[in-house]
Amino acid sequence: MAAPRFSKGDSTLTSTDPLRIAVVGCGGMAAFHLRAYRELAQKAPGLITVSATCDVDEGRASSVAAEIAEFQADEPHVYTDYRRLLDEHRPPAVDLVLPHNLHHTFVAEAFDAGAHVLLEKPLALSIAASKLLLDAHQRAHEHSSLVLAVAEQYRRTLEARATRWAIQEAGLIGEPRLVVSQRASLSMGLIAGTAWRHERLMAGGGWVLDGEVHTFDLFHYMFGRIAEVYAVIRTFEKTRYADPKTLGGPTPSDVEDAAMAVLTFENGLLANFTWTHAAPGKTLQQRRYYGSDGSLDRDGLHLRDATDLSGAELQEKFLASLSPEKKETLFPYDTRDSVTVELVDFVRAVRDGTVPEVDGHEALAAMAVSEAFYESDHAGTPIKVADVRAGRVRAAQHDIDAHWGLP
Ligand SMILES: NC(=O)c1ccc[n+]([C@@H]2O[C@H](COP(=O)([O-])OP(=O)(O)OC[C@H]3O[C@@H](n4cnc5c(N)ncnc54)[C@H](O)[C@@H]3O)[C@@H](O)[C@H]2O)c1
């Protein structure tokens with residue numbers, strides 16, 4: 001393993017160098033990272049350079065490199081082997097956009113090679129894997145000030161930031177009381193076209209971990225931490241399809257496609273949560289926040305005293321409330337792309353030694369809520385999220401931890 005190159009306070013990055021970063025994993029989500037790199041190449045030239053791409057599928061790594069060459073002077077080097085990338089290319093930073101089973105080992109190897117890490121959510125495929133990852137980061141941070149940022153972008157949209165402001169800072173709905181969050185539709189296709197997502201041992205779970213981790217981070221951002229989860233999960237559709245219309249390319253699946261839960265927040269707020277991809281017929285989608293003075297949803301604010309404000313008016317009020325400095329932090333370079341926001345936040349954390357908005361601990365908090373769904377379903381009782389986060393309750397993750405040899 002290469003010796004760490006960043007000794008504490010001795011970063012090779014000067015304030016004028018672009019941060020050289022390697023994109024590792026050039027599949028579906030990498031396209032959104034690419035869009036953000038493109039925007040930054042235009043709005044903040046010299047901030048960041050993609051110096052390499054890496055994917056076991058060489059065609060994907062090469063095609064992403066070619067796309068990057070359209071907007072930056074140098075075409076990135078192409079790798080198909082992550083260890084070779086770390087040893088030969090020695091990137092100061094990596095952007096890991098990989099299947100969940102690789103998160104904890106790839107992060108630890110990046111730190112061993114002295115690289116800062118931007119990692120796609122969820123933090124890892126189990127709490128035990130998260131612990132290894134966070135321990136590796138703690139050592140890398142203490143020794144070399146290396147940064148771990150988690151690519152969690154849902155809270156960084158204008159809508160999410162305006163909603164948080166309306167609830168927490170402006171107090172527009174009064175004392176928060178209830179969240180109603182319900183989504184039901186039918187999706188028999190491979191989610192994002194990827195088979196690994198439908199295999200528990202590879203993904204760590206189904207959409208409750210993969211997708212709803214965004215929702216739980218968003219809830220934390222708006223209301224503070226979720227303390228307890230009482231959940232049931234089901235797997236109704238046990239086969240998913242590459243082409244759901246013709247039922248072509250069938251793939252067996254052992255991850256959930258439905259979940260219902262009552263969530264209790266530390267501050268007493270209650271959430272009624274339903275998500276399913278196994279509901280044929282009419283699609284349902286609603287999320288609304290109720291407080292002592294009224295309700296808020298994406299259409300806007302509706303108060304007890306009959307005041308109405310549209311979502312767009314609310315966002316205007318929020319933007320008007322921001323100082324130029326705060327606006328630059330929340331929406332750097334005036335972007336509205338939430339992935340661009342997370343990328344700039346990462347670069348600033350590396351350069352300025354700031355803590356990223358979603359660091360490992362914040363990401364663990366959201367992921368522990370997903371794991372609490374599995375633990376609650378397994379135990380048939382409400383589960384304290386703190387017990388899951390600390391690894392005291394982990395029976396439902398046993399097969400995953402045993403498979404990957406996690407302590
Ligand atoms: N933030 C979001 O909104 C969002 C959305 C989708 C996915 N994601 C996250 O992004 C990550 C990747 O998801 P995806 O949808 O892009 O998956 P994907 O399967 O489309 O892409 C993963 C890529 O990693 C490559 N890969 C696999 N093993 C590798 C290895 N050993 N070395 C190098 N490359 C390897 C694959 O060939 C593939 O191209 C996951 O963590 C996922 O949860 C986040």
How would you list, by chain and number, every residue that makes a ring pair (Phe, Tyr, Trp, His ring centres under 6.0 Å) with [X], sequence neighbours excluded?
X: Phe318; value: Trp165
X: His220; value: none
X: Phe273; value: Phe216, Phe373
X: Tyr154; value: His214

Scan for salt bridge (Lys or Arg N to Asp or Glu O under 4.0 Å) pairs involving [range], sequence neighbours excluded, and state none if there are none.
range: residues 173-195; answer: Arg183-Glu212
range: residues 122-133; answer: Lys131-Asp135
range: residues 52-62; answer: Asp57-Arg60
range: residues 255-284; answer: Arg240-Asp257

Side chains of Phe111 and His141 in contact at under 4.5 Å (non-hydrogen atoms):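 SC-SC contact between Phe111 and His141 ruled out.
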Can you give me every donor-acceptor pair (side chain of residues 230-239, partner residue at least two apart or in another chain, under 3.5 Å) with its distance?
| residue | atom | partner | partner atom | Å |
| --- | --- | --- | --- | --- |
| Thr235 | OG1 | Val255 | O | 3.4 |
| Lys238 | NZ | Thr235 | O | 2.7 |

Residue list, salt bridge (charged side-chain N to carboxylate O under 4.0 Å, His left out) with Glu169, at least two apart or on another chain: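 Listed in chain order: Arg164.
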Residue list, salt bridge (charged side-chain N to carboxylate O under 4.0 Å, His left out) with Glu159, at least two apart or on another chain: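 Salt bridge (charged side-chain N to carboxylate O under 4.0 Å, His left out) list for Glu159, sorted by chain: Arg298.
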Glu362 with Arg155: basic N within carboxylate O range, under 4.0 Å: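 A salt bridge is present here (some side-chain N lies under 4.0 Å from a carboxylate O).
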Audit row: Tyr82, Leu102, side chain to side chain contact (heavy atoms under 4.5 Å, CB included) steps and yes/no: CA-CA 11 Å; Tyr82 181 57; Leu102 300 177; over 6 Å; no
Side chain to side chain donor-acceptor pair (under 3.5 Å) contacts in which one or both residues fall within residues 25-46, not counting sequence neighbours: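 Pairs touching residues 25-46 that pass the test: His33-Asp95, His33-Glu120, Arg35-Asp337, Tyr37-Asp95, Arg38-Glu70, Glu39-Lys43, Glu39-Thr335, Glu39-Thr340.
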